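Working notes, beginning with the structure itself.
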Amino acid sequence: MKKRPALILDHAKLRSNMDTAIGWCRDANIDVAGVIKVTGGMASVAKDFEACGAKWIASSRLEQLVRARDSGVDLPMLMIRVPMISELPELVRTCDYSLQSDYSVLKATDEEAIRAGKIHNVILMTDLGDLREGFIDKDELVAVAKYTEDVLSGLHLAGIGTNLGCYGSVIPTGEKMKQLASYTEAVEEAIGRPLEIVSGGASSSLMPVFDKEMPAKVNMLRIGEVVFTGPLVQIREAYGRKEVDDMSDEVFILEAEVIEAGTKPTYPIGELGVDATGHTAVYKDRGNRKRALLAIGRADYGDPGDLVPLIPGAEVLGASGDHTILDIEDCAENLKAGDIVRFKLRYSAILYLTASENVTIYEI
Ligand SMILES: *Cc1c(COP(=O)(O)O)cnc(C)c1O
C-alpha cells in the first residue's frame, strides 16, 4: 500500500508541458533555463528538462544544482539566487553560471574563481522596478559590467538579466523587455562586444512572447512554474492567458487520507478568539454540512488555498498544521475514513510538499 500523504509526479505530463513551453521559446529564438527549485530540485526533473531541450538547469539552491550534476545531468548549471559569499567555494566548484547583483559578491566570486583556477560565468541582473535583486541604476550596471569585463579576470561576463513579478508585482510587459534590450545595448557598447545572454525573466515573461512583443535581443527565459502547474499558473489565474490551457495541470497530484467524516455545524460553538495561525477568522453559518477531515496540513503544503480538490463539489474550508477540513455536502461521492482525496496543486503547494518529510513522492 502507498504511504500517505502521497505526491504523484507524472513525468509524461511534465515532459509534455516542457515540450510546449520550450517550443514557444524556440519559436521566438529563446533558450530555456529549466528551473527545478519548486520540486526541491528533483534530479529526475532536471533530466526531463535536459531531454526536452533546456540549455541550462537552474535553481535558487546550490545543493539542488550539485545533486542534478551528481545524478549525471550534463547541462551547465545556473545559480539563480545571487550567491551567498559563504557558499562561493561550492558555487565556483559546481556551477557554471550565476546571477549577480552586488558588487562585493561579484568581487568575492572573482577572487574565489581565481583561487580555484576557473573562469566563472556571470549574468548581471538589472532591477527594472520589481525591487528585488539587480542594479537599479543603468550607469552603475554599465560601470560594473565594464569593470567585470576589464578587471575581474576570474569572471566571464556572459550576459544581462532581469526579474519581474516577484516582490513588486511588476508585469513583464513588452516595454520592460525593450528597456532590458536597451540596457544590454549600453553594456555592449561599453565593453565593445555582443553579450551571449539576455535573460528576460521567468514563466511570466512568456506573456510578451505570446504577444510577439519580445525584443529579438532577449534570448533566455528561466522557466519553472508553468511546466509544473499548467493552467494553474499565475499568468492564467491572474492575467487570463489562455495560451496555457492545453497544458496539463495534473503533473503533480496530492493524495491525502480521510481520518474523520460526518456532519457538523459550520459555525463554531463557544466564545471565538483566534485560529491555529493566530488570525481572527470569519465563519459563515451554513447550517449543518457534511465534511471530511484529512491527515495533511499547513505544515505540509503551506496555504490550503493552493489545493484544488479533484472531487467535483468539494471545497477546502480551512486547515491547521496537520489537518485539512473539506466541505463535501455538495459531492456525489460519500467519503469515509480511509478514503483518499486527490488535489491539483498551485506553485507554492508543490514547493512545500516536495520538501515535507511527511509526504512520500511517487514518480510515474
Ligand atoms: C524562481 C525563479 C525563476 C523561475 O520562475 P517561475 O515563475 O517558476 O518560472 C526565474 N528566475 C529567478 C531569479 C527565480 O528566482
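Since the structure is predicted, the reported quantities are computational estimates derived from the model, not experimental observations. Indexing begins at 1, ligand by ligand and atom by atom, following the structure's order.
Salt bridge status for R342 with E333: absent, with no side-chain N to carboxylate O gap under 4.0 Å.
Considering backbone and side-chain atoms together, G224 places an N or O closer than 3.5 Å to an N or O of ligand 1. Here's the thing with K37: one of its N/O atoms is less than 3.5 angstrom from an N/O atom of ligand 1.
With a 4.0 Å heavy-atom cut-off, ligand 1 is reached by the backbone of I80 and by its side chain too. Within the 4.0 Å heavy-atom criterion, the part of E133 lying near ligand 1 is the side chain and not the backbone. Looking at R132 against ligand 1, only its side chain comes within 4.0 Å, counting heavy atoms.
For the residues R222, M79, R81, the heavy atom positioned nearest atom 11 (N) of ligand 1 is part of R222.
Looking at Q64 and S59, their side chains do bring a donor and an acceptor atom within 3.5 Å of each other. No side-chain donor-acceptor contact under 3.5 Å links T162 and Y183. Side-chain contact of E196 with H156: a donor-acceptor pair under 3.5 Å is present, judged by distance alone.
Numbered from 1 in the order shown, with element, the atoms of ligand 1 that lie under 4.0 Å from a heavy atom of E225 read 6 (P), 7 (O), 8 (O), 9 (O).
In terms of protein heavy-atom proximity, atom 9 (O) of ligand 1 is closest to S203 OG, 2.6 Å. Protein heavy atom at the shortest distance from atom 5 (O) of ligand 1 is A202 CB, 3.1 Å. Of all protein heavy atoms, the one closest to atom 12 (C) of ligand 1 is N163 OD1, 3.5 Å.
No continuous path of hydrophobic side-chain contacts links V92 to L155 [ILVMFWY only; heavy atoms under 4.5 Å].
Within the structure, the closest approach of F228 to ligand 1 does not fall below 4.0 Å when heavy atoms are considered.
In this structure, K55 NZ and N219 CG are separated by 10.0 Å, a value rounded to the nearest 0.5 Å.
If you run side chain to side chain donor-acceptor pair (under 3.5 Å) between R15 and each of D48, T20, D10, only D48 comes through.
When ring centroids are compared, Y301 and F343 stay outside the 6.0 Å threshold.
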